[in-house]
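In the text below, chain A, chain B and the rest are named by the order of the sequence lines, each starting its count at 1. All values below come from the heavy atoms of this structure, side chains included, with hydrogens, waters and symmetry mates left out.
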Amino acid sequence: RKEVEQDPGPFNVPEGATVAFNCTYSNSASQSFFWYRQDCRKEPKLLMSVYSSGNEDGRFTAQLNRASQYISLLIRDSKLSDSATYLCVVRLGDGNKLVFGAGTILRVKS
Amino acid sequence: DAGVIQSPRHEVTEMGQEVTLRCKLISGHNSLFWYRQTMMRGLELLIYFNNNVPIDDSGMPEDRFSAKMPNASFSTLKIQPSEPRDSAVYFCASTYLPNTEAFFGQGTRLTVV
């Protein structure tokens with residue numbers, strides 16, 4: 001079983017739609033969680049950290065469910081510029097190992 | 001700061017040749033990760049270092065791959081001999097413990113023919 005699993009998509013949505021991605025992780029000792037964004041032929045960049053209480057940054061909301069070992073990302077009012085691959089990232093407690101999911105492709109269309 | 005710097009940006013080499021990829025960390029960062037990205041396998045962690053010490057190299061595909069940190073700000077990933085299946089984009093990323101946001105370099109696109 002992979003350490004971090006995501007639905008690869010693609011998710012094809014119209015502008016203005018709300019879209020949600022889920023991610024599951026296998027190691028219950030995982031300590032920190034993140035969503036990264038990767039544009040085509042570019043490097044991944046941090047979108048937001050995911051906190052136990054849930055957190056929001058503008059149109060983006062991240063949630064963590066430790067009991068079920070999954071993380072979610074909700075994007076409201078999708079923009080064309082949101083089209084990218086969204087990577088779920090987990091930091092394991094021992095030594096700062098950062099493990100990436102394979103990514104979920106989002107395509108927002110006008 | 002210029003961010004994480006990788007070189008070369010592109011490398012085309014023949015099967016059997018030695019390839020060396022280079023990475024300069026952000027000044028002050030003390031943790032370094034090497035990843036490989038392909039369409040089929042996504043972003044795979046090859047190896048990571050904390051304070052110049054390799055912590056986990058379980059992702060290194062085989063003995064043909066080796067990585068070093070000769071000092072706190074620089075790392076190399078070497079493939080010898082290279083094979084066509086090594087073709088991928090190789091990223092390095094650095095972070096400052098205990099802050100865990102990782103900053104990536106722009107990657108090296110390796111093609112082995």
Side-chain angles (χ1 to χ4, degrees), chain A residues 1-10 21 23-27 29-52 55 57 60 62 64 71 84-107, chain B residues 2-7 9-10 21 23-26 29-60 69 88-111:
Chain A
R1 184 183 171 191
K2 291 183 180 178
E3 290 179 287
V4 180
E5 297 206 58
Q6 297 181 247
D7 180 346
F21 308 137
C23 163
T24 58
Y25 60 95
S26 60
N27 191 325
S30 300
Q31 301 223 343
S32 305
F33 309 90
F34 311 88
W35 284 100
Y36 274 66
R37 170 188 169 136
Q38 186 174 23
D39 293 296
C40 188
R41 302 180 80 84
K42 298 284 191 180
E43 72 274 23
K45 292 183 179 178
L46 179 68
L47 176 67
M48 60 195 302
S49 301
V50 186
Y51 302 121
S52 298
N55 49 300
D57 182 2
F60 298 83
L64 167 63
I71 308 148
T85 298
Y86 291 83
L87 301 160
C88 174
V89 186
V90 172
R91 181 177 75 93
L92 302 182
D94 51 339
N96 194 39
K97 182 176 181 179
L98 283 173
V99 181
F100 282 70
T104 299
I105 297 170
L106 172 65
R107 296 180 186 142
Chain B
V4 176
I5 299 173
Q6 290 188 245
S7 63
R9 292 290 308 280
H10 302 274
L21 311 181
C23 176
K24 183 176 183 299
L25 285 67
I26 291 174
H29 280 192
N30 56 7
S31 191
L32 181 280
F33 304 82
W34 280 103
Y35 291 91
R36 176 174 69 176
Q37 188 172 39
T38 61
M39 287 292 292
M40 292 297 293
R41 301 171 70 92
L43 202 61
E44 301 174 279
L45 177 63
L46 301 177
I47 184 172
Y48 77 100
F49 297 80
N50 287 345
N51 298 308
N52 301 7
V53 176
I55 303 300
D56 185 341
D57 65 354
S58 59
M60 295 286 260
M69 276 199 78
V89 180
Y90 290 80
F91 288 105
C92 72
S94 73
T95 186
Y96 174 71
L97 290 173
N99 180 348
T100 53
E101 177 182 354
F103 294 84
F104 281 74
Q106 292 181 299
T108 295
R109 185 171 297 275
L110 173 66
T111 303

**Student:** Report the C-alpha separation of B:Phe104 and A:Lys42 in whole Å, then their side-chain angles, then the decisive distance to 0.1 Å, and conclude whether the side-chain contact (heavy atoms from CB on, under 4.5 Å) test is met.
**Tutor:** CA-CA 10 Å; B:Phe104 281 74; A:Lys42 298 284 191 180; over 6 Å; no
**Student:** Which region of B:Leu43, side chain (C-beta onward) or backbone (N, CA, C, O), has a non-hydrogen atom less than 4.5 Å from a non-hydrogen atom of chain A, or is it both or neither?
**Tutor:**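 Both parts, backbone and side chain.
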**Student:** May I have the step-by-step check of side-chain contact (heavy atoms from CB on, under 4.5 Å) for B:Tyr48 and A:Leu98, ending in yes or no?
**Tutor:** CA-CA 9 Å; B:Tyr48 77 100; A:Leu98 283 173; over 6 Å; no
**Student:** When rounded to the nearest 0.5 angstrom, what distance separates CD in B:Glu101 from NZ in A:Lys45?
**Tutor:**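 Rounded to the nearest 0.5 Å, the CD-NZ separation comes out at 11.0 Å.
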**Student:** Is it true that a side-chain atom of B:Tyr35 and a backbone atom of A:Val99 form a donor plus acceptor pair closer than 3.5 Å?
**Tutor:**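 Such a contact is absent between B:Tyr35 side chain and A:Val99 backbone.
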**Student:** A:Ser49, A:Pro8, A:Pro44: which one forms the most heavy-atom pairs within less than 4.5 Å of chain B?
**Tutor:**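 Maximum pair count with chain B is reached by A:Pro44.
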**Student:** If we define contacts as heavy-atom pairs under 4.5 Å, which of B:Gly105, B:Ala93, B:Gly59, B:Gly42 has the most with chain A?
**Tutor:**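 Counting heavy-atom pairs under 4.5 Å, the top option is B:Gly105.
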**Student:** Taking atom CZ of A:Arg41 and atom CD of B:Gln106, what is their separation to the nearest 0.5 Å?
**Tutor:**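 That separation rounds to 13.0 Å.
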**Student:** Mind checking whether B:Ser58 and A:Lys97 have side chains closer than 4.5 Å, heavy atoms only?
**Tutor:**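 Contact flag for B:Ser58/A:Lys97 side chains = yes.
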**Student:** What part of B:Glu44 gets closer than 4.5 Å to chain A, counting heavy atoms only: side chain, backbone, both or neither?
**Tutor:**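 Contact with chain A involves no heavy atom of B:Glu44 at all.
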**Student:** Starting from the C-alpha separation in whole Å, work towards a yes-or-no answer on side-chain hydrogen bond (donor to acceptor under 3.5 Å, both in side chains) for B:Gln6 and A:Glu43.
**Tutor:** CA-CA 11 Å; B:Gln6 290 188 245; A:Glu43 72 274 23; over 6 Å; no
**Student:** Measuring heavy-atom distances to chain A, does B:Thr38 have an atom under 4.5 Å in its side chain, in its backbone, in both, or in neither?
**Tutor:**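 No part of it gets close to chain A.
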**Student:** Before you tell me yes or no, could you show the steps for A:Asn96 and B:Phe33 under side-chain contact (heavy atoms from CB on, under 4.5 Å), namely the whole-Å CA-CA distance, both residues' side-chain angles and the distance that decides it to 0.1 Å?
**Tutor:** CA-CA 10 Å; A:Asn96 194 39; B:Phe33 304 82; 3.5 Å; yes
